[in-house]
2 protein chains.
Amino acid sequence: METKAAKTPRVALDREAWIKGAIAILAEHGAERLRVEVLAKRLGVTKGSFYWHFKDRRDLQNAVLQFWRDGRIHDIRKQTQAEPGGEAAALLHTIEVYSSARNRKGIAIEAAVRDWARRDPQAVAVVEEVDAERLACACRLFRACKLDEHEAQARSLLLYAYVFGVSLMRPGSFAGDLASLRTWIAGHIAR
Amino acid sequence: METKAAKTPRVALDREAWIKGAIAILAEHGAERLRVEVLAKRLGVTKGSFYWHFKDRRDLQNAVLQFWRDGRIHDIRKQTQAEPGGEAAALLHTIEVYSSARNRKGIAIEAAVRDWARRDPQAVAVVEEVDAERLACACRLFRACKLDEHEAQARSLLLYAYVFGVSLMRPGSFAGDLASLRTWIAGHIAR
DNA sequence: CATAATCCATACTGTAGCGTATGGAAAGAG
DNA sequence: CTCTTTCCATACGCTACAGTATGGATTATG
């Protein structure tokens, strides 16, 4: 009749497997279309399994938000630890990471979570935490570059607003060399 | 025979009324939750009416996108027409418009359409048209400020990426005076 | 081996929403 | 007035999905 799941006998999904699958859907289709039956099918099981691991859909959503928050905070701390003298390079690196095509999925998740935060208070709280940490880290780097507190804050805000904003835009055939524009911009922000 | 809805008898919704209602839902709940039955209820009718004015849901979505595109292109041309010497002020004004709290709904629509464009090809096309027009208009202003083509393009891209990006962020209690940060940033972008 | 705990499938109820079919009321045309 | 067009209501079938109930199968444990 049908498959016996010959590939992997008795895998036993755990919570994290569900969360990672959920994040994949989040990146591809957004928070609104994160549905338990769809996710279950993606993982090759039925929702009978889901409701053993999670109380309900909300439970999964919160778990996804926590997971994302922890990952982002861990990442930003790693990316912004620079040896003395390398702070400017670390700033440019941060900009590059968010503009990079090789980080497509990460950017998609970022956008999905931020859109999610437009309607969900839990998502708002998580995004605020992540933003606060990122702004604080960037601010430290700018201050290490001898900028005063106000300018460091302003440049930090500009930095993240730019990287998030540019991922929403479709410059299309705007410029001949988009890459050189981005390089100019990165320099103008990090200077 | 224009806007003859005096008392209440036989109001007769037209296509534009549906589109405007749809945009309100778009701003409040996003494209994914733009549903015809919900919209009908909002307008005080049933979907029997909807399917007289529109072929299907997709027909409404396309109409919404066209309407939004036409409005944005009209707006940006209006905002960026400056008398000689007023180009820098026009640029600052553009930044201010998108950052302003009194434009909350416009910003919400903007964000919704851009998120929409992450999955819908029609929305992608419209966003590309609008972005192209905006970038071109901003570019003209920067060039009028005696900047070379490359820098004008770079600053234009930075300008719009920033204004869209900042609307996605939750600076929370990041800075003591967020307004002064924005003023600094606006100056740094517009030069 | 026997029993319990773990993990998942199946079946069911209930709601939301899309699209269609059809009838009915209001307004204009003759 | 009658007839037609316009605009909307009602009723229907269908799909997607949330959550619950229950049983079955696998694995761990005494």
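The sequence lines fix the lettering, A, B, ..., with proteins before strands; numbering per chain opens at 1. None of the values given here were measured: they were computed from a predicted structure.
- If you run side chain to side chain donor-acceptor pair (under 3.5 Å) between B:R69 and each of B:H74, B:E129, B:E128, only B:E129 comes through.
- Judged by distance alone, the side chain of B:D131 and the main-chain N or O of A:R170 form a donor-acceptor pair under 3.5 Å.
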Can you give me every donor-acceptor pair (side chain of residues 41-50 of chain B, partner residue at least two apart or in another chain, under 3.5 Å) with its distance?
unit_1: B:R42; atom_1: NH2; unit_2: B:E28; atom_2: OE2; d: 3.0
unit_1: B:T46; atom_1: OG1; unit_2: B:G48; atom_2: N; d: 3.4
unit_1: B:K47; atom_1: NZ; unit_2: B:E37; atom_2: OE2; d: 3.0

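- For B:K41 and D:dT10, the NZ to C1' distance is 14 Å, given to the nearest whole Å.
- Applying the salt bridge (Lys or Arg N to Asp or Glu O under 4.0 Å) criterion to B:E133, with sequence neighbours excluded, gives B:R77.
- Residues from residues 47-55 of chain B that place a heavy atom under 4.0 Å from any atom of DNA chain D, listed by number: B:K47, B:G48, B:S49, B:W52, B:H53.
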- Item | A:L60/A:L39 under side-chain contact (heavy atoms from CB on, under 4.5 Å): CA gap, chis, key distance, verdict | CA-CA 11 Å; A:L60 171 68; A:L39 175 56; 3.7 Å; yes
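- Closest approach to the A:R35 side chain among C:dA9, D:dC7, D:dC17 is made by D:dC17 (side chain taken as heavy atoms from C-beta onward).
- Straight-line distance from the CG atom of B:L34 to the C1' atom of C:dC18: 13 Å, rounded to whole Å.
- Between the CZ atom of A:R57 and the P atom of C:dT15 there is a distance of 18 Å, given to the nearest Å.
- Pairs passing the side-chain hydrogen bond (donor to acceptor under 3.5 Å, both in side chains) check and including a residue from residues 12-25 of chain A, sequence neighbours excluded, read A:R15-A:D59, A:E16-A:K20.
- Partners of B:E151 under the salt bridge (Lys or Arg N to Asp or Glu O under 4.0 Å) rule, at least two apart in sequence or in another chain, are B:R155.
- The side chain of B:A12 lies closest to D:dC7 when the candidates are C:dC8, D:dC7, C:dC18.
- The CD atom of A:E37 sits 13 Å away from the C1' atom of C:dG14 (whole-angstrom rounding).
- Between A:D59 atom CG and D:dA18 atom P there is a gap of 14 Å when expressed in whole angstrom units.
- Residues from residues 20-32 of chain A with heavy atoms under 4.0 angstrom of DNA chain D: there are none.
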- Message: I'd like to know whether A:L135 forms a side-chain contact (heavy atoms from CB on, under 4.5 Å) with A:L159, so could you lay out the CA-CA distance, the side-chain angles of the two residues, the decisive distance to 0.1 Å, and finally the verdict.
- Response: CA-CA 9 Å; A:L135 289 170; A:L159 191 160; over 6 Å; no
